[in-house]
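Read the structure below first, then the notes.
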Amino acid sequence: MYLLNFLGLWSWMCKKWFPHFLMRFSVMYNEQMASKKRELFSNLQEFAGPSRKLSLLEVGCGTGTNFKFYPPGCRVTCIDPNPNFEKFLIKSIAENRHLQFERFVVAAAENMHQVADGSVDVVVCTLVLCSVENQEEILREVCRVLRPLMSGGGGRS
């Protein structure tokens with residue numbers, strides 16, 4: 001591992017093969033966490049903006065294992081620094097026709113400049129913050145891309 005890292009091959013190998021590993025792992029993980037995920041994501045629709053169409057950004061989307069827990073009609077944008085997840089996302093979108101897939105952005109969560117200010121209702125980030133370089137910067141970016149709260153209506157908590 002150290003030799004591969006020294007030769008500059010470790011990062012490439014991880015980016016290339018990690019999606020394959022995660023695809024297998026996430027099936028088992030979702031089986032174990034399905035009831036908890038259903039509970040955690042059950043109120044997502046309450047955060048929809050005035051259009052009532054929920055706009056969701058998933059940070060560190062991986063293979064799209066959360067997709068089946070999102071509400072019908074949800075517009076999903078995915079961001080991940082690993083471009084090799086795209087083919088797995090396409091498969092997940094095909095299996096989750098209840099969603100409207102917007103786009104896949106290849107970028108680190110610390111710099112989501114491709115996502116406009118105030119453009120999403122919800123940001124989902126599972127199993128990501130433990131593996132990033134700058135958690136504070138990611139949280140700043142999350143606050144930047146979230147739609148501002150409207151007074152008198154629902155809201156974020």
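When reading the values below, keep in mind they use all heavy atoms of this one structure, side chains included, and skip hydrogens, waters and symmetry mates.
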Within 6.0 Å of CZ in Arg97, more than 12 heavy atoms from elsewhere:
no
Between [atom1] of [X] and [atom2] of [Y], what distance do you get to the nearest 0.5 Å?
X	Y	atom1	atom2	answer
Arg75	Ser51	CZ	OG	5.0 Å
Lys68	Asn96	NZ	CG	8.5 Å
Cys143	Arg140	SG	CZ	9.5 Å
Ile90	Lys87	CD1	NZ	10.0 Å
Phe69	Leu44	CZ	CG	11.5 Å
Ile93	Phe67	CD1	CZ	4.0 Å

Determine the minimum heavy-atom distance between [X] and [Y], stating which atoms define it.
X	Y	result
Asn111	Ala107	O-CB, 3.9 Å
His98	Tyr70	NE2-O, 3.0 Å
Asp121	Lys53	OD2-O, 3.4 Å
Ala109	Val59	CB-CG1, 3.3 Å
Thr126	Glu58	OG1-OE2, 4.3 Å
Phe104	Cys61	CE1-SG, 3.8 Å

Between the side chain of Gln45 and the main-chain N/O of Arg52, is any donor-acceptor distance below 3.5 Å?
yes
State yes or no: do Leu89 and Val106 share one hydrophobic cluster built from I, L, V, M, F, W and Y residues joined by side-chain heavy-atom distances below 4.5 Å, directly or via other members?
yes
Are Met112 and Leu129 linked, directly or through intermediate hydrophobic residues, by side-chain heavy-atom contacts shorter than 4.5 Å (ILVMFWY only)?
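Yes, because Leu129 and Met112 connect within a single hydrophobic cluster, where side-chain heavy atoms sit under 4.5 Å apart.
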Checking Asn82 against Asp80: is there a side-chain donor and acceptor pair closer than 3.5 Å?
no
If you apply the rule side chain to side chain contact (heavy atoms under 4.5 Å, CB included), what do you find for Val142 with Ile138, and how did you get there?
CA-CA 6 Å; Val142 165; Ile138 290 173; 4.3 Å; yes
Heavy-atom distance under 4.5 Å between the side chains of Gln114 and Val145, does that happen here?
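Contact flag for Gln114/Val145 side chains = no.
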With Leu56, the side chain to side chain contact (heavy atoms under 4.5 Å, CB included) member among Thr77, Val124, Asn66
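Single side chain to side chain contact (heavy atoms under 4.5 Å, CB included) partner of Leu56 among Thr77, Val124, Asn66: Val124.
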Out of the candidates Gln135, Glu141, Glu133, only one should pair with Glu110 under the side chain to side chain contact (heavy atoms under 4.5 Å, CB included) rule; please name it.
Glu133
